[in-house]
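As structure tokens, the structure follows; a few thoughts come after it.
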Amino acid sequence: MQRNPFDEIEDLFDRMGRSFEESGIGRFQDISLDVVDADEAIEVVADLPGFEKDDLDVSVSGRRLTIAADHEESSEVDDDQYVRREQSQRSVSRTITLPTEVVRDEVAASYRNGVLTVTLPKAEPAGDDSTQIDIE
């Protein structure tokens, strides 16, 4: 079986991210999360305080889960002597490789009190792709 070179590059980035996190040099990822491998599903719990549900984007591609959040906020104070306008923008994202294939059509997500929970049902094992060939 031939490996996809892009998968190898993504695995390298994952390993580099873990190395940075473990070394304490800097925070390579912006989203703190837990991954639980249960019997029939994978559950990912991500801490995203300060974001609203509409700020979040969750997607699955192959065995990769991507969580992204983008929040813009502005406030304006206007009185007779002083006008002030403040704007802030915060964006975070993280992509992880899942330990197994998942059923993408059955993925469910919920967001409560700054915690995103994504439940990814495991796909049945693909089985043996080999085919017996009769020789004449």
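On a predicted model such as this, the values are computed, not experimentally measured, just so you know.
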Minimum heavy-atom distance Asp70-Ser91, with the two atoms named = OD1-OG, 2.5 Å

About how many Å separate CG of Asp57 and OG1 of Thr66, when rounded to the nearest 0.5 Å?
-> 8.5 Å

How far does CZ of Arg104 sit from CZ of Arg63, to the nearest 0.5 angstrom?
-> 12.0 Å

Where Ile31 and Asp47 come nearest, the two heavy atoms and their spacing | CG2-O, 4.0 Å

Between the main-chain N or O of Ala38 and the side-chain N or O of Lys122, is there a donor-acceptor pair closer than 3.5 Å?
-> yes

If only atom types and distance count, is the side chain of Tyr111 paired as donor or acceptor with the main-chain N or O of Phe51 below 3.5 Å?
-> yes

Using a strict cut-off of less than 4.0 Å between a Lys/Arg side-chain nitrogen and an Asp/Glu carboxylate oxygen, indicate whether Arg90 and Asp55 qualify as a salt bridge.
-> no

Around atom CD of Glu43, are there more than 12 heavy atoms of other residues, nucleotides or ligands at under 6.0 Å?
-> yes

Which other residues end up in the same hydrophobic cluster as Val45, if Ile, Leu, Val, Met, Phe, Trp and Tyr are linked when side-chain heavy atoms come under 4.5 Å apart?
-> Val115

Measure the spacing between CD of Glu106 and CG of Leu120 and express it to the nearest 0.5 Å.
-> 11.0 Å

Taking all non-hydrogen atoms of both residues into account, name the closest pair between Ala109 and Leu116 and its distance.
-> CB-CD1, 4.3 Å

May I ask you to check whether Thr97 and Arg64 show a side-chain donor-acceptor distance below 3.5 Å?
-> yes

Going through the checks in order, is the side chain to side chain contact (heavy atoms under 4.5 Å, CB included) test met by Val44 and Ile96?
-> CA-CA 10 Å; Val44 177; Ile96 62 166; 4.2 Å; yes

How many angstroms lie between atom CG of Leu56 and atom CD1 of Ile67, to the nearest 0.5 angstrom?
-> 8.5 Å

Here the pair of heavy atoms bringing Ala123 nearest to Val103 is CA-CG2, 3.8 Å

Start with the C-alpha gap between Arg94 and Leu33, add the side-chain angles, then the distance that decides, and say whether side chain to side chain contact (heavy atoms under 4.5 Å, CB included) holds.
-> CA-CA 9 Å; Arg94 183 151 183 195; Leu33 54 83; 3.9 Å; yes

Audit row: Val36, Ile42, side chain to side chain contact (heavy atoms under 4.5 Å, CB included) steps and yes/no = CA-CA 6 Å; Val36 179; Ile42 307 236; over 6 Å; no

